[in-house]
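We're numbering straight along the sequence, starting at 1. Heavy-atom basis, side chains included; hydrogens, waters and symmetry copies ignored.
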Amino acid sequence: MQKQLLLLVLFLVSTTSFSQELKGKITEASNASQPIIGANIQWLNTQIGTTSNENGEFSISYKPEYTKLVISHVGFSTDTISVNSPDFINHSLSQNNNLEVVTIDSERKSLQKSYVKTANISTMSSKELLKAACCNLAESFETNPSIDVNFSDALTGTKQIKMLGLTSPYLMITEENIPSVRGASQAYGLSFTPGTWVESIQITKGAGSVVNGFESISGQINTELIKPVNDIPFFLNFYGSTDSRFELNTHFNKKISDKWSTSLFLHGNTRVAKNDMNDDGFLDNPLAKQINVLNRWQYTDLEKGWVSFLNFRYMNDAKQTGEMDFDKDRDKLTTNYWGSEIKTERYDISGKLGYVFPDMPYQSIGLQTAFNGHNQESYFGLNQYDINQKSFYSNLIFNSIINNTLNKFATGLNFTYDQYDEFVGVPNIYRNFDRIDNSVGAFFEYTYDNTTNFSLVAGGRIDNHNRLGTFITPRLHVRYNPWEGGVLRASAGRGKRLANIFAENQQLFASSRTFDILNTGGKIYGLDAEIAWNYGLSFMQGFSLFNRSADVSVDFYRTDFQNQAVVDLYASPQQVLFYNLNGKSFANSLQVDFNYEIMRHFNLRTAYKFYEIQTDYLGGSEQRPLQAKHRFFGNLAYETHIAEKGKQWKFDFTYNWLGKQQLPNTASNPPSDRLPEYSPSFSLMNAQITRTFSSTFEVYVGGENIGNYKQEKAIVGADNPFGPNFDSSMIYAPIFGQMYYAGLRFKIK
């Protein structure tokens with residue numbers, strides 16, 4: 001596979017190395033010495049274009065068949081000139097003194113796929129996040145076909161995300177390109193970022209950039225928070241649902257001076273009533289309470305080239321779940337009634353400082369730093385799990401060019417420090433797993449982009465880790481546009497990580513399983529580091545269908561594990577085994593998307609996904625449990641035209657079909673506590689309607705799981721929770737049933 005990718009790269013380079021460029025300069029007709037900055041230059045009837053720089057100069061790909069060049073800028077007349085050779089062009093635009101008021105009615109897609117980015121990246125805007133209740137980051141992907149959202153267990157209400165068929169530990173999750181959900185926060189960390197704080201989300205399939213570290217295996221999810229300099233003075237969002245969950249978000253923003261701006265984000269949520277819609281005697285969702293505060297400061301001095309951010313954040317989250325009659329003050333850690341509490345306190349301090357050289361806008365240097373503390377205290381029946389993590393992260397990045405802007409590079413150094421105080425209290429393990437992990441790394445990433453049909457990002461890093469030693473991480477992304485509207489991408493990369501087997505599998509504590517670690521002698525918990533290669537190919541084609549825009553894309557990715565911390569649920573329903581991979585483990589992911597603008601403001605989004613995920617367990621090769629091989633996704637979104645005073649209706653409907661899933665082994669249980677070998681296939685439907693009354697006020701109502709599908713037996717052994725067969729982790733479908741919600745949003749602009 002590596003040789004095939006290398007041959008592909010050499011072929012693509014050979015087909016683009018001899019492309020010519022047309023260069024020129026755009027000035028004002030009334031003053032030839034005055035350059036026009038940001039003029040648009042585009043070949044007629046193509047998508048190939050560029051803009052002029054601070055000197056009015058530009059460079060654009062040239063082919064003999066390109067004969068008409070369109071040059072435009074706001075406030076100037078648009079010119080179309082004939083070009084017969086790639087000779088340097090000096091052209092002047094005349095000011096348009098007869099400007100009329102022009103109303104532009106354009107629609108920018110809320111989920112965007114790029115034809116020009118090298119990596120396979122899709123971007124979700126804040127508009128996309130408003131299509132669902134989106135109370136937190138874990139719930140932000142319901143309308144995104146690239147991410148699968150599932151419940152992790154029958155008790156905590158926590159949603160788990162997967163990409164390319166792999167769970168979130170194999171994804172690098174960052175906040176403004178600083179690693180955020182990792183280590184102790186893997187299980188619940190996505191629920192600690194409120195959706196209203198998010199400005200956009202970038203989703204990268206395949207191995208991520210070496211700039212962000214060595215841990216990414218299947219992809220990267222980066223969240224950009226709302227910037228103080230762009231924020232409005234006040235925002236309010238209130239939400240309530242039929243499962244007794246209520247949320248309040250308020251944003252306050254203040255422009256201190258021309259260079260300083262600050263935002264204060266306040267979030268609170270609670271669930272106040274007990275619900276047992278499936279009548280198994282256990283809460284379907286936990287009683288919960290969360291307070292989350294973020295203060296952001298931004299300094300911007302564009303004249304001198306400085307931009308900086310400083311963030312202070314505190315969060316306190318508490319969940320209580322278990323049997324309906326459980327009383328935490330009376331029954332904690334007793335066999336009166338089965339119950340659980342998960343209490344998490346977290347603080348974060350992070351900063352970013354960037355400098356762009358004023359006379360060299362292509363050159364910059366930046367420093368990212370973050371310090372956080374994460375303390376979780378929890379118990380699940382008689383099992384206990386506590387983890388305290390203190391982390392420090394810093395990344396120094398230098399960006400510049402080699403000879404010209406076609407050849408760019410990024411290089412730098414980063415340092416990571418993690419201190420873990422971890423206690424595991426289960427029947428056969430009652431001990432601390434305290435440790436310190438630290439690493440120092442250097443990276444170099446080269447980018448070639450001919451601005452038209454070919455780009456390449458090749459990077460590598462070398463790291464020294466106190467447990468993993470010294471190792472190299474290579475990554476490669478290639479883009480080629482064979483014709484207009486088509487883009488072919490290829491990627492390959494290696495990732496390495498230490499599996500935090502207890503933090504990442506906390507749903508198993510809510511069971512009677514014993515925990516057994518085999519193959520001891522490794523670097524963490526007696527296990528070796530996880531190492532995997534990820535390879536990917538994707539193709540996207542945009543076209544017109546019945547005079548409406550459409551696109552189709554096909555993605556195929558394969559993840560091959562050289563080593564893996566295997567979590568084996570097949571050996572016995574009373575046991576979970578952790579051991580190093582002995583054999584093969586791989587994940588194949590195929591996704592076919594079709595998107596179509598049915599009519600103006602009415603869009604269809606569909607996707608079919610096929611997963612083949614197999615691991616060699618002690619008992620033989622098996623499909624990864626609780627993973628549907630076949631999935632179908634559909635989304636319909638319609639908006640009315642914005643009327644006078646900003647009034648508008650918005651309608652959104654999402655459909656998910658999941659095929660059968662292989663379930664963990666329960667064959668040795670008594671008949672009443674057995675599950676079938678496979679789950680049934682099922683469908684889920686969500687919908688939301690939003691009424692905008694003005695540019696400052698709107699209300700929304702919606703429903704999740706409208707078809708009211710519920711897993712038939714959510715908790716195995718629910719009638720005897722302290723018995724040997726109790727297990728609440730084998731969840732493949734919702735357990736609550738229908739849920740409806742309503743909310744309002746209010747802004748002061």
Side-chain angles (χ1 to χ4, degrees), residues 110-111 124-144 149 157 159 175 190-201 223-254 261-272 285 288-296 311 313-317 637 639 642 646-652 654 686-704 739-749:
S110 57
L111 179 60
M124 299 171 59
S125 69
S126 57
K127 182 179 178 181
E128 179 71 19
L129 302 182
L130 297 179
K131 287 185 175 183
C134 187
C135 296
N136 58 57
L137 192 58
E139 300 165 331
S140 300
F141 304 102
E142 301 281 0
T143 61
N144 189 303
V149 182
K159 290 189 176 181
E175 188 173 280
L190 285 171
S191 66
F192 297 158
T193 299
T196 63
W197 295 6
V198 178
E199 181 180 75
S200 65
I201 301 174
T223 303
E224 292 290 329
L225 302 182
I226 296 172
K227 308 298 186 291
V229 73
N230 299 324
D231 202 5
I232 59 177
F234 178 76
F235 172 81
L236 170 71
N237 176 72
F238 178 77
Y239 164 96
S241 66
T242 55
D243 66 347
S244 73
R245 177 177 174 179
F246 300 94
E247 296 209 2
L248 180 67
N249 292 280
T250 56
H251 305 175
F252 302 89
N253 188 71
K254 177 71 174 178
S261 300
T262 184
S263 294
L264 178 64
F265 297 160
L266 303 176
H267 166 86
N269 74 66
T270 185
R271 183 179 280 109
V272 296
N285 291 304
K289 185 182 296 183
Q290 184 185 117
I291 298 295
N292 213 330
V293 182
L294 170 64
N295 183 210
R296 280 169 65 80
N311 302 325
R313 182 172 172 182
Y314 173 79
M315 187 218 65
N316 190 295
D317 181 83
E639 299 179 0
I642 300 177
K647 295 182 179 180
Q648 187 183 30
W649 286 94
K650 300 177 184 178
F651 303 89
D652 197 87
T654 302
N686 300 338
Q688 180 175 286
I689 301 173
T690 303
R691 173 58 170 170
T692 301
F693 293 95
S694 68
S695 61
T696 60
F697 180 68
E698 65 184 29
V699 298
Y700 57 92
V701 295
E704 295 184 0
M739 189 276 286
Y740 296 96
Y741 61 85
L744 61 87
R745 303 183 184 101
F746 175 71
K747 308 172 186 176
I748 296 178
K749 295 186 174 181

Pair listing, salt bridge (charged side-chain N to carboxylate O under 4.0 Å, His left out) test, anchored in residues 739-749, at least two apart: E698-R745
Please evaluate residues V701 and Y740 with respect to the criterion side chain to side chain contact (heavy atoms under 4.5 Å, CB included), reporting the C-alpha separation (whole Å), side-chain torsions for both, the decisive distance (0.1 Å), and the verdict. CA-CA 8 Å; V701 295; Y740 296 96; over 6 Å; no
Does I642 have more than 12 heavy atoms from other residues, nucleotides or ligands lying within 6.0 Å of its CD1? no
Could you state the interatomic distance from CG (N237) to OH (Y700), rounded to the nearest 0.5 Å? 4.0 Å
When you measure from the side chain of T270 to the backbone N and O of A288, does any donor-acceptor pair fall under 3.5 Å? yes
Sequence-distant partners of F697, ring pair (Phe, Tyr, Trp, His ring centres under 6.0 Å), two or more places apart: F693
For the backbone of S140 and the side chain of E128, can you confirm whether one donor and one acceptor N or O come within less than 3.5 Å of each other? no
Could you give the distance from CH2 (W197) to CZ (F235), rounded to the nearest 0.5 Å? 13.0 Å
Could you state the interatomic distance from CG (N269) to CG (N136), rounded to the nearest 0.5 Å? 8.0 Å
Hey, what's the ring geometry for F238 with F246, parallel, tilted or perpendicular (30° and 60° as the breaks)? parallel
The single option from K127, R691, K131 passing salt bridge (charged side-chain N to carboxylate O under 4.0 Å, His left out) against E639: K127
Could you measure the distance from the CG atom of L264 to the OG1 atom of T250? Nearest 0.5 Å is fine. 7.0 Å
Whether the side chain of R296 engages the backbone of I226 through a donor-acceptor N/O pair (distance < 3.5 Å, no angle test) should be reported. yes
Side-chain donor-acceptor pair under 3.5 Å between T262 and N295, yes or no? yes
Is it the case that the side chains of H251 and N253 hold a donor-acceptor pair, with the cut-off being a distance below 3.5 Å and no angle test? no
Which pairs pass salt bridge (charged side-chain N to carboxylate O under 4.0 Å, His left out) with one or both residues in residues 236-248, sequence neighbours excluded? E139-R245, D243-R271, R245-E247
Sidechain-backbone polar pair: K227 side chain, L225 backbone, donor-acceptor under 3.5 Å: yes
S125 (side chain) donor-acceptor with S110 (main chain) under 3.5 angstrom: yes
Euclidean distance, L266 CG relative to I291 CD1, rounded to 0.5 Å: 9.0 Å
